[in-house]
Amino acid sequence: MAEKRRKFDAEFREGAVRIVTETGKPVAQVARELGINDTTLASWVSRARQSGPAGGGRAGGRAG
């Protein structure tokens, strides 16, 4: 049977990403502590790193 997907609000996602980026803890450890899938958290962290610093803007895009 299909499992019901949980929805996480932006505040929760941002907080989880912040824990990983600011503490340097492994994604798997933080995910386990928060009770979420580590693949889910890894994708949030990846997206946050691609979008640049918190606060919105990209600083000029790709180097090169």
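Everything numeric in this text was worked out from a predicted model, so none of it was measured. What's counted below: heavy atoms across the whole structure, side chains too, no hydrogens, waters or symmetry copies.
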Looking only at heavy atoms, what is the nearest atom pair of Ala16 and Val30, with distance? O-CG1, 4.2 Å
Name all residues meeting the side chain to side chain donor-acceptor pair (under 3.5 Å) criterion together with Thr21; count only those two or more places apart in sequence or in a different chain, and write none if there are none. none
Using modelled atom types and a 3.5 Å cut-off, is there a donor and acceptor pairing between side-chain atoms of Ser46 and backbone atoms of Ala42? no
Contact list for residues 14-43, test ring pair (Phe, Tyr, Trp, His ring centres under 6.0 Å), sequence neighbours left out: none
All pairs passing salt bridge (charged side-chain N to carboxylate O under 4.0 Å, His left out) where residues 11-25 contributes a residue, at least two apart: Lys25-Glu33
Residues passing the side chain to side chain donor-acceptor pair (under 3.5 Å) test with Asp38, sequence neighbours excluded, are none
Side chain to side chain contact (heavy atoms under 4.5 Å, CB included) filter on Thr39, not counting sequence neighbours, yields Asn37
Nearest-0.5 Å distance, CG of residue Leu41 to CZ of residue Arg32: 11.5 Å
Assess the residue pair Val20 and Trp44 against the criterion (side-chain contact (heavy atoms from CB on, under 4.5 Å)); give the C-alpha distance rounded to whole Å, side-chain angles, the decisive distance to 0.1 Å, and a yes or no. CA-CA 10 Å; Val20 172; Trp44 296 346; over 6 Å; no
Residues forming a side chain to side chain contact (heavy atoms under 4.5 Å, CB included) with Arg6, sequence neighbours excluded: Phe8, Ile36
